[in-house]
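Below, all heavy atoms of this structure are taken into account, side chains as well, without hydrogens, waters or symmetry copies.
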Amino acid sequence: MLVQFQDYLGLDPLEAVISPIFWYSLLLVIIFCLIWWIIKKAKSELVSVFKDDEGAVQITPQALRELVRKSCASIPGVHSPSTQIFKNAKEVRLLVKLHVEPDCKVKEIRSQLRKKLEHVMVENLNFNNFSGVDVTIKGFQDSSQ
């Protein structure tokens with residue numbers, strides 16, 4: 001087997017690319033990368049809310065996304081929110097991507113969303129590491145849809 005590998009290394013680049021072992025190896029690397037990405041994506045890390053003498057309180061990313069979705073549902077002109085959670089130096093920052101109606105005032109929507117999320121996260125859930133909300137408009141949607 002070692003001799004075959006050494007023979008493969010002795011091929012010129014064109015012959016090496018044509019060789020089936022090259023394609024099998026490339027396919028194997030792609031499969032490993034895909035498996036690694038799926039495992040990393042499926043891994044659900046808990047988000048720390050606060051910690052005191054009695055213990056720690058954490059929230060799942062899915063629950064945090066649901067909280068953002070429900071907060072967006074009460075704001076007129078906002079549709080299809082999706083949330084990304086960024087943890088940086090023990091701080092939690094949210095990126096909310098949403099569709100808005102063409103005639104809405106984006107500045108007011110951002111302000112309303114920020115106020116609602118800060119109220120729920122800081123005052124109700126006692127998040128001591130919440131650093132804010134970023135809003136990205138990913139499209140426009142008519143109010144009839």
Has the side chain of S111 got a donor or acceptor atom that lies under 3.5 Å from a matching backbone atom of K107? no

For K70, which residues count as a salt bridge (charged side-chain N to carboxylate O under 4.0 Å, His left out) partner, sequence neighbours excluded? E66

Only pairs under 3.5 Å count here: list side-chain donor-acceptor contacts from residues 122-129, not counting sequence neighbours, and write none if there are none.
from : atom 1 : to   : atom 2 : distance (Å)
E123 : OE1    : H119 : ND1    : 2.9
N129 : ND2    : S48  : O      : 3.1
N129 : ND2    : K90  : O      : 3.2

Suppose we screen for side chain to side chain donor-acceptor pair (under 3.5 Å). Which residues come up paired with K105, at least two apart in sequence or across chains? none

Can you tell me how far CG of L64 sits from CE of M121, rounded to the nearest 0.5 angstrom? 4.5 Å

Just one of T83, V78, T136 clears the side chain to side chain contact (heavy atoms under 4.5 Å, CB included) bar with L98, so which one? V78

Rounded to the nearest 0.5 Å, what separation is found between the CG atom of L14 and the OG atom of S19? 11.5 Å

S80: side chain to side chain contact (heavy atoms under 4.5 Å, CB included) partners, not counting sequence neighbours: H99, Q141

Apply the hydrophobic cluster definition, ILVMFWY joined by side-chain contacts under 4.5 Å directly or through others, and give me every member besides L27. I31, I35, I39

If you compare all heavy atoms of S71 against all heavy atoms of L117, which two are closest, and at what distance to 0.1 Å? OG-CD2, 3.6 Å

From K116 atom NZ to C72 atom SG, the distance as rounded to the nearest 0.5 Å: 9.0 Å

Run the salt bridge (charged side-chain N to carboxylate O under 4.0 Å, His left out) test against R69 and tell me which residues pass, sequence neighbours left out. none

For A63, what residues pass the side chain to side chain contact (heavy atoms under 4.5 Å, CB included) criterion, not counting sequence neighbours? I59, T60

Distance col, row L94:CG vs L113:CG, nearest 0.5 angstrom, shows 8.5 Å

Among all residues two or more places apart in sequence or in another chain, which pass the side chain to side chain donor-acceptor pair (under 3.5 Å) test with R114? E118

Could I get the full list of side chain to side chain donor-acceptor pair (under 3.5 Å) partners for R93, not counting sequence neighbours? D134

Non-neighbouring partners of K87 that pass salt bridge (charged side-chain N to carboxylate O under 4.0 Å, His left out), sequence neighbours left out: E45

Separation of R110 CZ from I137 CD1 (nearest 0.5 Å): 10.0 Å

All side chain to side chain contact (heavy atoms under 4.5 Å, CB included) counterparts of N88, not counting sequence neighbours: none

Which other residues belong to the hydrophobic cluster containing L95, where Ile, Leu, Val, Met, Phe, Trp and Tyr are joined when side-chain heavy atoms lie under 4.5 Å apart, directly or via other members? F86

